[in-house]
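Have a look at the structure below before the remarks.
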Amino acid sequence: MGKWNYVLVNADILPEVYGKVLLAKEYLASGEAANASQAAKMAGISRSAYYKYKDGVFEYDPENSEEMATIFLKLSDTKGVLFAVTNELYLVGANVLSINQKVPQNGVADVSVTMRIAEMTVSVEALIEKLKEVNGVRSVIIGG
């Protein structure tokens, strides 16, 4: 699969199925639907329509678009380093959304952390400095 191409479009001009796919995804996320089949049925679309569009239809929320940040770290392959990083994120009020870690090579693991930063008690720059002080953190950079 190639690079994703995104277009921001007013939902009012899209075919109805896209809105129903978003609704089905909400049913799944909230737990109102136990599985994709049930969510599709509740939203009034076929299961095949749900699966056809689910990975390509996302709701845009401008309120949240500025609240997220991704940091990229190089961590020593030592027990407890990633825990110490996530603990530091917790202490400053970051809400971790995802963590991706590659298999360590030559004693170093590449890690990316995406988080909500709206309720942090420090700036992103201050957070980066705090993370650089964690034992086992070799580098930290903020992503775009």
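Taking every heavy atom of both residues into account, Ala94 and Met115 meet most closely at CB-SD, 3.8 Å. The two residues Gly107 and Arg138 make their nearest non-hydrogen contact at O-NH2, 4.1 Å.
When only modelled atom types and interatomic distance are considered, Thr70 and Ser112 share no side-chain donor-acceptor pair under 3.5 Å.
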Kindly list each side-chain donor-acceptor pair under 3.5 angstrom involving residues 18-30, sequence neighbours excluded, with atom names and distances?
unit_1, atom_1, unit_2, atom_2, d
Lys20, NZ, Glu16, OE2, 3.4
Lys25, NZ, Lys54, O, 2.9
Lys25, NZ, Val57, O, 2.6
Ser30, OG, Glu26, O, 3.1
Ser30, OG, Tyr27, O, 3.3
Ser30, OG, Glu32, N, 3.3
Ser30, OG, Glu32, OE2, 3.1

Tell me which donor-acceptor pairs under 3.5 Å the side chains of residues 120-130 have, and how far apart each pair is, sequence neighbours excluded?
unit_1, atom_1, unit_2, atom_2, d
Thr121, OG1, Val92, O, 3.3
Ser123, OG, Ala126, N, 3.0

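Residues Leu131 and Leu89 have side chains in contact (heavy-atom distance under 4.5 Å, counting atoms from C-beta outward). Residues Val85 and Leu73 form a side-chain contact, since some pair of their non-hydrogen atoms from C-beta on lies under 4.5 Å apart. Side chains of Val108 and Lys74 form a contact here, defined as non-hydrogen atoms less than 4.5 Å apart. Side-chain contact between Leu97 and Met68 is present, with heavy atoms from C-beta onward closer than 4.5 Å. Proximity of Tyr53 to Val17: side-chain heavy atoms (C-beta onward) are separated by under 4.5 Å at one or more points.
Both Leu75 and Val96 belong to a common hydrophobic cluster when Ile, Leu, Val, Met, Phe, Trp and Tyr are linked at side-chain heavy-atom distances under 4.5 angstrom. Linking Ile, Leu, Val, Met, Phe, Trp and Tyr whenever their side-chain heavy atoms come within less than 4.5 Å puts Ile142 and Ile99 in one cluster. A single hydrophobic cluster is seen to contain both Val134 and Val111, as judged by linkage of ILVMFWY side chains at heavy-atom distances under 4.5 Å, directly or through other members. When hydrophobic clusters are built by joining Ile, Leu, Val, Met, Phe, Trp and Tyr residues whose side-chain heavy atoms come closer than 4.5 Å, directly or via intermediates, Ile117 is not grouped with Leu91.
By the salt bridge (Lys or Arg N to Asp or Glu O under 4.0 Å) test, Lys52 is found to be paired with no residue, residues two or more places apart in sequence or in another chain being considered.
Within a 6.0 Å radius of CG in Asn106, other residues, nucleotides and ligands contribute 12 heavy atoms or fewer.
Put simply, CG on Asn95 and OH on Tyr90 are 12.0 Å apart, with the number rounded to the nearest 0.5 Å.
Remark: side-chain polar atoms of Gln38 are paired, donor with acceptor, to backbone N or O of Ala34 under 3.5 angstrom. Side chain of Ser46 to backbone of Ala49: a donor-acceptor contact under 3.5 angstrom is found.
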